[in-house]
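In the text below, chain A, chain B and the rest are named by the order of the sequence lines, each starting its count at 1.
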Protein chains: 2
Amino acid sequence: MSRQRTAVRQELAKESAFRSAQEIYARLRSAGNRVGLTTVYRALQALADGGEVDVLRSDDGEAAYRLCSQSHHHHLVCRDCGRTVEVEGRAVERWADQVAGRHGFTGVEHTVEVFGTCADCSA
Amino acid sequence: MSRQRTAVRQELAKESAFRSAQEIYARLRSAGNRVGLTTVYRALQALADGGEVDVLRSDDGEAAYRLCSQSHHHHLVCRDCGRTVEVEGRAVERWADQVAGRHGFTGVEHTVEVFGTCADCSA
DNA sequence: AGTGGAAATGAAAACGGTTGTCACTTTCTC
DNA sequence: GAGAAAGTGACAACCGTTTTCATTTCCACT
């Protein structure tokens with residue numbers, strides 16, 4: 001684990017919202033951390049491949065990254081402020097398995113994202 | 001409503017899956033329809049603004065468009081051959097609303113995609 | 001410490017989907 | 001029909017992301 005990747009991971013750990021690669025790059029730079037944009041992308045990719053971060057696409061096409069815990073879960077994302085809540089969904093897991101099985105599918109995976117406006121933002 | 005926009009809408013109506021702007025453009029062109037890529041984008045934008053089509057972002061950053069379907073459903077996608085089955089999920093709808101409500105979120109939407117290997121491909 | 005090979009880095013260029021520009025054409029409205 | 005408003009499309013610009021490739025760092029083994 002190189003200095004740069006450690007820095008990226010630490011930056012992600014500072015806040016639990018989804019953040020863009022560009023934003024993380026800017027923060028690291030303005031904090032005096034010498035790191036290249038390419039490296040930030042690669043670090044995020046590596047972390048995502050290793051299952052340490054979740055990735056999702058915002059409406060404008062930017063990718064957003066967020067450290068996540070090991071256990072399987074889904075996200076409830078505020079569409080205004082980006083705040084996210086990790087939620088479990090045994091009901092969804094069961095439903096996905098059933099539906100897939102009924103159609104003869106095996107090796108089932110699924111992605112579920114729930115969007116809404118959080119209490120603070122709707123106030 | 002111009003000839004081009006009508007063509008875009010008709011093309012969307014041919015299939016109920018999410019399709020990219022580029023793909024729709026290619027189909028229209030290869031069908032002999034003289035239309036510009038810019039116009040396809042604008043037509044899709046206009047349809048989306050008018051609430052006639054749904055937009056979502058795929059993992060690679062492309063935007064995907066689909067005529068607003070009469071009935072809300074999700075997709076079961078084979079990861080080998082790409083075959084998709086449209087499935088309903090009342091259980092998921094209920095779960096999403098519950099989870100969001102429990103955390104004070106309003107205006108709830110959600111995306112659910114299930115991936116697996118279909119019977120043909122696993123044989 | 002020294003060495004060699006694998007992995008990581010980063011500046012710059014390439015890439016690709018999308019959007020802006022602007023001169024031109026089509027379509028409404030009276 | 002005439003004038004206004006909206007739409008069109010070739011092309012260039014935009015911007016987030018990925019690739020390239022020469023250089024640097026890390027690490028295992030002597």
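Regarding A/Leu37, its CG atom lies at a distance of 10 Å from the P atom of D/dT18, rounded to whole Å. Residue B/Arg29 contributes atom CZ, which lies 10 Å from atom C1' of D/dA10 at whole-angstrom precision. Rounded to an integer number of Å, the gap from CG of B/Asp60 to P of D/dT17 is 12 Å. The separation between B/Arg34 atom CZ and C/dT26 atom C1' is 13 Å, rounded to whole Å. The distance between atom OH of B/Tyr41 and atom C1' of D/dA10, rounded to the nearest whole Å, is 15 Å. The separation between B/Tyr25 atom OH and C/dT19 atom P is 16 Å, rounded to whole Å. Following rounding to the nearest Å, B/Glu23 (CD) and C/dG16 (C1') show an atom-to-atom distance of 16 Å. If you measure from atom CG of A/Leu44 to atom C1' of D/dT18, you get 14 Å, rounded to the nearest angstrom.
Side chain of B/Thr117 to backbone of B/Cys121: no donor-acceptor contact under 3.5 angstrom is found. Within the 3.5 Å criterion, the main-chain N or O of B/Ala46 finds no donor-acceptor partner in the side chain of B/Arg5.
Atom CD of A/Glu52 is separated from atom CZ of A/Arg9 by 4.0 Å, given to the nearest 0.5 angstrom.
Annotation: of the two residues near DNA chain C, B/Glu62 and A/Val40, the 5′-most nearest-nucleotide partner is A/Val40.
Taking 3.5 Å as the limit, the base of C/dG20 and the side chain of B/Arg42 contain no donor-acceptor pair of atoms between them. Donor-acceptor pairing under 3.5 Å, judged by distance alone, is present between the side chain of A/Thr38 and the base of C/dA11.
Checking each of A/Gln4, A/Arg3, A/Arg27 against A/Asn33 for a side-chain hydrogen bond (donor to acceptor under 3.5 Å, both in side chains) leaves exactly one that passes, namely A/Arg3. For the side-chain hydrogen bond (donor to acceptor under 3.5 Å, both in side chains) with A/Asp54, the lone residue among A/Arg66, A/His74, A/His75 that qualifies is A/His75.
Within the 4.0 Å cut-off from OP1 or OP2 of C/dT26, not a single side-chain nitrogen or oxygen of B/Gln4 is found. Between B/Arg3 and C/dT26 there is no side-chain polar atom (N or O) within less than 4.0 angstrom of OP1 or OP2. Taking only side-chain nitrogens and oxygens, A/Arg5 comes nearer than 4.0 Å to OP1 or OP2 of C/dT9.
Looking at the side chain of A/Ser2, the nearest of the listed nucleotides C/dT9, D/dG16, C/dG17 is C/dT9.
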